[in-house]
Amino acid sequence: MATSSSPTRNAAATREAILRSAIENFARAGYDGVGVRQIAHDAGVTAMLVNRYFGSKEGLFAEAVETSFATPTFIGERSDDLVADTVRALVTRTGSGDDAPPPFMIMLRSASSPVATTIVRDAIERHVGARLARQLDSPDQNLRSEILLALISGMLMMRGVVGTSALRKSKPADIERVLEPAIAALIGGSRA
């Protein structure tokens with residue numbers, strides 16, 4: 001019996017390696033800043049194999065965004081204390097030396113692409129926005145949800161990416177003290 005000199009490829013592991021590479025690359029360089037060849041190279045496969053699994057760069061981006069945004073980063077499925085949990089997660093995840101979460105970096109670095117923006121917006125609304133809105137007890141829960149997401153994005157940008165002085169130098173407890181009433185006001189009459 002003849003043996004093949006090339007290793008047997010595990011389809012699920014290969015797909016996962018491509019997806020991991022795509023998330024890392026899109027978070028680092030955005031939709032327009034990276035090509036399929038770079039993603040394939042980092043995953044240890046060919047560009048042709050990437051296209052076989054995902055159809056196109058746009059299909060790969062959509063899957064990377066879907067995977068990234070489906071996993072809770074700041075807003076879980078259910079919280080006993082949504083205000084405190086959100087404040088704590090936001091201050092902890094934007095601390096000095098911490099990298100901003102991949103979903104945020106994908107959104108930030110892909111914002112100039114209309115194709116990417118549409119995919120990101122749909123994923124935000126379907127995942128994190130919907131998770132948050134389900135926990136709000138208000139007739140304008142979708143509006144409140146999106147304003148809170150804008151506040152979270154602003155904190156990620158100003159503290160986690162830009163690193164402005166007051167946000168960088170302040171103690172986490174001081175940031176939490178100022179941030180908590182703002183988030184509580186946005187959440188309004190949320191149910192626990």
Side-chain angles (χ1 to χ4, degrees), residues 16-43 47 50-51 53-76 86-87 89-136 140-168 175 179 182-183 186-187:
E16 180 62 29
I18 295 167
L19 198 51
R20 246 188 347 268
S21 174
I23 291 168
E24 290 169 9
N25 276 283
F26 289 133
R28 179 185 51 74
Y31 181 77
D32 291 331
V34 68
V36 171
R37 285 190 178 131
Q38 180 64 49
I39 292 167
H41 176 269
D42 292 353
V50 171
N51 289 328
Y53 278 97
F54 298 94
S56 65
K57 179 180 174 181
E58 185 177 331
L60 176 59
F61 183 77
E63 185 90 18
V65 167
E66 184 70 19
T67 300
S68 295
F69 282 89
T71 304
T73 302
F74 297 105
I75 308 296
T86 303
V87 168
L90 185 53
V91 172
T92 300
R93 292 295 307 265
T94 60
S96 62
D98 292 343
D99 290 331
F104 176 76
M105 296 310 296
I106 290 170
M107 177 184 72
L108 176 66
R109 294 196 168 128
S110 300
S112 63
S113 167
V115 169
T117 300
T118 299
I119 292 168
V120 168
R121 180 180 50 246
D122 291 348
I124 289 170
E125 291 175 356
R126 193 171 44 260
H127 294 294
V128 67
R131 271 194 303 272
L132 179 55
R134 283 191 297 268
Q135 296 181 65
L136 301 181
D140 58 356
Q141 64 194 35
N142 291 328
L143 177 61
R144 287 176 180 273
S145 165
E146 290 185 14
I147 293 172
L148 180 54
L149 294 177
L151 185 145
I152 289 170
S153 294
M155 278 291 293
L156 280 165
M157 175 64 93
M158 298 299 286
R159 187 166 189 241
V161 177
V162 175
T164 58
S165 298
L167 289 171
R168 189 179 67 245
I175 296 171
L179 192 56
I183 290 180
L186 281 172
I187 289 175

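Predicted model only: the values in this text are computed from it and were never measured. Residue numbers count from 1 along this sequence.
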A.B. asks: Can you find a pair of side-chain heavy atoms, one from V161 and one from F104, that are under 4.5 Å apart?
C.D. replies: yes
A.B. asks: Go through it in stages, so that I can follow the logic: the residues are I124 and E146, the test is side-chain contact (heavy atoms from CB on, under 4.5 Å), and I'd like the CA-CA distance, side-chain angles, deciding distance and then a yes or no.
C.D. replies: CA-CA 9 Å; I124 289 170; E146 290 185 14; over 6 Å; no
A.B. asks: Kindly write out the residues that satisfy ring-ring contact (aromatic ring centres under 6.0 Å, His included) with F69, not counting sequence neighbours, or none if the list is empty.
C.D. replies: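 For F69 there are no ring-ring contact (aromatic ring centres under 6.0 Å, His included) partners, ignoring immediate neighbours.
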A.B. asks: With a 3.5 Å cut-off and sequence neighbours excluded, list the donor-acceptor pairs that the side chains of residues 17-26 form with protein atoms.
C.D. replies:
{"from": "S21", "atom 1": "OG", "to": "N25", "atom 2": "ND2", "distance (Å)": "3.3"}
{"from": "S21", "atom 1": "OG", "to": "I39", "atom 2": "O", "distance (Å)": "2.8"}
{"from": "N25", "atom 1": "OD1", "to": "R28", "atom 2": "NH2", "distance (Å)": "2.5"}
{"from": "N25", "atom 1": "ND2", "to": "S21", "atom 2": "O", "distance (Å)": "2.9"}
{"from": "N25", "atom 1": "ND2", "to": "D42", "atom 2": "OD2", "distance (Å)": "3.1"}

A.B. asks: Could you report the tightest heavy-atom contact between L90 and T94, atom names first, then the distance?
C.D. replies: O-OG1, 2.8 Å
A.B. asks: Which heavy atom in L136 sits nearest to a heavy atom in R144, and how many Å separate them?
C.D. replies: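 Smallest heavy-atom distance, with atoms named: CD1-CB, 3.9 Å.
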A.B. asks: Compare all side-chain heavy atoms of M107 with those of S153 and state whether any distance is below 4.5 angstrom.
C.D. replies: yes
A.B. asks: Hey, could you give me the CD/OG1 distance between E66 and T71, rounded to the nearest 0.5 Å?
C.D. replies: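 Atom-to-atom, E66:CD and T71:OG1 are 10.0 Å apart.
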A.B. asks: Looking at R126, I want to see if its CZ is surrounded by more than 12 non-hydrogen atoms of other residues, nucleotides or ligands under 6.0 Å.
C.D. replies: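 Yes, CZ of R126 has more than 12 neighbouring heavy atoms, counting only those of other groups under 6.0 Å.
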A.B. asks: When you compare the side chain of V50 with that of R37, does any pair of heavy atoms fall below 4.5 Å?
C.D. replies: no
A.B. asks: Would I119 and E58 count as a side-chain contact (heavy atoms from CB on, under 4.5 Å) if you check the C-alpha gap in whole Å, the side-chain angles of each, and the deciding distance to 0.1 Å?
C.D. replies: CA-CA 9 Å; I119 292 168; E58 185 177 331; 3.8 Å; yes
A.B. asks: Contact between L151 and L179 at the side-chain level, heavy atoms closer than 4.5 Å - yes or no?
C.D. replies: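 They are in side-chain contact.
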A.B. asks: Which pair of heavy atoms, one from S145 and one from G129, lies closest together, and at what distance?
C.D. replies: OG-O, 3.2 Å
A.B. asks: Any side-chain to backbone donor/acceptor pair from R168 onto M158? Under 3.5 Å, distance only.
C.D. replies: no
A.B. asks: Can you find a pair of side-chain heavy atoms, one from L156 and one from P101, that are under 4.5 Å apart?
C.D. replies: yes
A.B. asks: Considering non-hydrogen atoms only, spot the tightest contact between I175 and R159 and give its length.
C.D. replies: CD1-NE, 3.3 Å
A.B. asks: Give me the atom names and distance for the closest heavy-atom approach of K57 to D32.
C.D. replies: NZ-CA, 4.2 Å
A.B. asks: If you define the side chain from C-beta out and look only at heavy atoms, does anything of V162 sit under 4.5 Å from M157?
C.D. replies: yes
A.B. asks: Please collect all side chain to side chain donor-acceptor pair (under 3.5 Å) contacts where either partner lies in residues 100-123, sequence neighbours excluded, each pair once.
C.D. replies: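 Those involving residues 100-123 do not exist here.
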